[in-house]
Amino acid sequence: MTLPHGWRRRTASAALAAMLAGGSLAGALLTAPSAFADSWRDKEYWLNEYGISAAWQVSKGAGVKVAIIDSGVDGQHPDLNGAVVGGTDASGAGDPNGQKSIGAKPEHGTLVATLLAGRGHAPASPSASPSPGPSPSPGSGVGPDGIVGVAPEAQILSVSAWLGSPNPAGKTDQEQIPEAVRWAVDNGAKVINISLGSTSPDWPQSWDAAFLYAEQKDVVIVAAAGNRIGGNVQVGAPATIPGVLTVAGLDRNRTASVDASSQGISIGVSAPAEKLVGGLPGGSYEDWAGTSGSAPIVSGVAALIRSKWPDMSAKQVINRIVSTAEDAGAPGKDPIYGYGILNAEAALKADVPEVASNPVGSIADWIRVHRRGDLSSPTPPSTSKPSIPAATLADPTVPAAKAPSQSDTAVPAAVVIGFGSLFVAIVAGATVQLRRAYRTYPELPDETSTGVVDVVDPSPPK
């Protein structure tokens with residue numbers, strides 16, 4: 001995919017500012033009264049149905065830092081107690097620790113964080129009964145009530161960004177996103193979750209260097225595909241960037257969500273996107289939907305893998321996720337389900353051969369082909385002229401000149417002589433007629449009063 005010669009800054013700004021995500025669906029955050037936390041645990045159907053509870057037999061994500069680039073994560077939520085270990089603000093309008101909820105959807109980051117690495121919490125009172133739903137084994141440090149995330153022992157880095165409405169600090173998404181990615185890499189993130197989306201598949205060239213930096217530092221980046229109901233018929237950036245694991249959304253029946261999943265060739269895997277639950281800033285809970293929730297489920301699985309195999313490369317982590325996915329839709333990889341439906345248990349337990357390259361591509365390769373830039377500094381455009389490829393067609397053949405024959409020249413000579421004689425005859429005839437006319441008609445008299453000759457009216461008689 002190449003960008004138009006004039007990728008204009010306004011394109012990226014307008015596209016990404018249009019929505020948060022792969023974000024939650026319009027109207028999907030349903031207003032609901034507060035409820036006992038254990039009733040929310042019961043709604044986490046994906047823990048059993050997508051093999052996550054079984055994957056906990058192998059790993060719960062301990063020791064892995066996951067950066068969440070979003071609207072800020074409320075680390076004081078009961079289910080995130082001790083989960084947020086660092087953060088920053090890329091917007092200039094949030095708090096330095098990245099935990100202030102900002103932007104058009106301030107609750108968004110906390111919803112994502114609880115789904116990815118929620119720890120639950122203890123019952124409010126001794127009389128409260130724990131939830132009968134799935135939960136990690138005793139002694140794991142995870143409470144029986146509230147939201148438990150896919151990687152309940154992973155650590156969160158909160159990177160707040162102001163998106164979806166004008167940033168009071170003035171920084172655009174073009175500035176915030178690459179800054180956020182670089183900070184996450186430099187501060188130890190092994191997985192980066194970006195539940196943000198746009199209506200354009202293209203991204204500004206200013207993002208190249210940051211995503212290349214993450215690739216070179218062996219960081220897994222997971223992004224939401226976007227939502228049809230939010231205007232994303234096709235996958236938008238940053239989910240179109242090569243090397244990024246893009247997640248599409250499924251409904252409760254494990255089929256592509258009509259409202260909550262865009263489509264595109266960059267989709268890598270599919271995960272639940274409907275009837276989700278999560279925590280809100282301030283300690284409450286909410287039902288929600290969208291590929292913004294699909295992405296942290298997959299990011300959580302990536303954290304489980306990186307915890308189990310700390311030395312495994314990012315491309316092998318991604319390969320484990322996509323190669324163990326259950327094929328759906330058209331056979332093989334397709335633009336709706338990608339490689340298939342997430343199977344967390346298989347991703348943690350299956351015997352998966354290593355691959356030579358990342359199955360979802362490489363930003364380094366893309367830059368080399370499409371930007372024609374130096375990989376060590378891909379952002380500035382190339383000033384060198386493209387090389388001219390060798391010709392693939394045979395040299396044209398030129399017919400040899402032949403001397404004209406006598407018959408070739410006889411006809412042209414006769415034609416020239418004939419036309420010359422005719423021209424002389426016409427001139428002679430015209431001269432004779434003019435002399436006769438001059439002798440027959442006298443000169444017209446001058447009109448002394450006007451000084452001009454009479455003028456004949458050229459219009460036809462009435």
Side-chain angles (χ1 to χ4, degrees), residues 35-62 66 79 83 111-121 123 129-154 222 247-257 260-261 269-279 285-305 307-308 320-328 337-350:
F36 291 109
D38 56 351
S39 67
W40 295 98
R41 177 72 63 87
D42 296 340
K43 296 181 179 182
E44 294 186 80
Y45 64 89
W46 52 91
L47 298 180
N48 281 334
E49 295 181 14
Y50 287 81
I52 295 166
S53 297
W56 287 338
Q57 298 169 0
V58 178
S59 170
K60 299 186 182 72
V66 181
D79 296 343
L111 285 165
V112 169
T114 51
L115 198 57
L116 196 160
R119 283 145 163 69
H121 63 269
S129 59
S131 166
S135 62
S137 59
S140 65
V142 176
D145 286 354
I147 304 298
V148 59
V150 175
E153 295 181 2
V222 179
V247 187
L250 304 172
D251 62 20
R252 190 64 180 81
N253 297 318
R254 297 168 64 92
T255 58
S257 174
S261 189
V269 71
S270 304
E274 295 188 12
K275 298 187 181 298
L276 304 176
V277 294
Y285 300 87
E286 197 66 280
D287 295 296
W288 66 308
T291 55
S292 279
S294 308
I297 290 176
V298 174
S299 291
V301 174
L304 300 182
I305 296 172
S307 176
K308 172 62 178 177
R320 271 198 162 264
I321 293 172
V322 301
S323 65
T324 57
E326 301 172 10
D327 193 24
Y337 295 92
Y339 286 93
I341 298 172
L342 176 70
N343 184 334
E345 181 178 14
L348 269 295
K349 296 181 178 180

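Between the OG atom of S292 and the CD1 atom of I297 there is a distance of 11.5 Å, given to the nearest 0.5 Å. To the nearest 0.5 Å, the span separating OG1 on T291 from CD on E274 amounts to 11.0 Å. Interatomic distance, OG of S299 versus CG of L116, reported as 5.5 Å (0.5 Å rounding). We find the CG-CG distance between L276 and L111 to be 9.5 Å, quoted to the nearest 0.5 Å. The distance from atom NZ of K60 to atom OG of S307, rounded to the nearest 0.5 Å, is 9.5 Å. In this structure, CZ on R119 lies 7.5 Å from CD on E153, to the nearest 0.5 angstrom.
The two atoms that bring Y50 and L250 nearest to each other are OH-CD1, 3.6 Å, heavy atoms only. In terms of heavy-atom proximity, G249 sits nearest to S294 at CA-OG, 3.6 Å. Between T114 and G279, the shortest heavy-atom contact is OG1-N, 2.9 Å. Scanning all heavy atoms of the two residues, the minimum distance from K308 to S59 falls at N-OG, 4.0 Å. Of all heavy-atom pairs between Y337 and T255, the closest is OH-CA, 3.5 Å. The minimum heavy-atom distance between L348 and R320, with the atom names listed, is C-NH1, 4.3 Å.
A donor-acceptor pair is defined here as one N or O able to donate and one able to accept, closer than 3.5 Å; such a pair exists between the side chain of W56 and the backbone of V150. The closest donor-acceptor contact from the side chain of R41 to the backbone of P144 lies under 3.5 Å. When atom types are taken as modelled, the side chain of W40 and the backbone of I147 share no donor-acceptor pair closer than 3.5 angstrom.
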Can you list the steps and then say if E286 with V277 is a side-chain contact (heavy atoms from CB on, under 4.5 Å)? CA-CA 6 Å; E286 197 66 280; V277 294; over 6 Å; no
Evaluate Y285 against D79 for side-chain hydrogen bond (donor to acceptor under 3.5 Å, both in side chains), listing each step before the verdict. CA-CA 10 Å; Y285 300 87; D79 296 343; 2.8 Å; yes
Before you tell me yes or no, could you show the steps for K43 and D287 under side-chain contact (heavy atoms from CB on, under 4.5 Å), namely the whole-Å CA-CA distance, both residues' side-chain angles and the distance that decides it to 0.1 Å? CA-CA 9 Å; K43 296 181 179 182; D287 295 296; 3.2 Å; yes
Verdict with supporting geometry, V58 and L304, side-chain contact (heavy atoms from CB on, under 4.5 Å): CA-CA 8 Å; V58 178; L304 300 182; over 6 Å; no
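The shortest distance between side-chain heavy atoms of S270 and Y339 does not fall below 4.5 Å. Between L115 and W288, the closest side-chain pair of non-hydrogen atoms falls below 4.5 Å.
In this model, no donor atom of one side chain and acceptor atom of the other lie less than 3.5 Å apart for D251 and S257.
No more than 12 heavy atoms of other residues, nucleotides or ligands sit less than 6.0 Å from atom NZ of K275.
Under the 4.0 Å criterion applied to side-chain N and carboxylate O atoms, E49 and R252 are assigned as salt-bridge partners.
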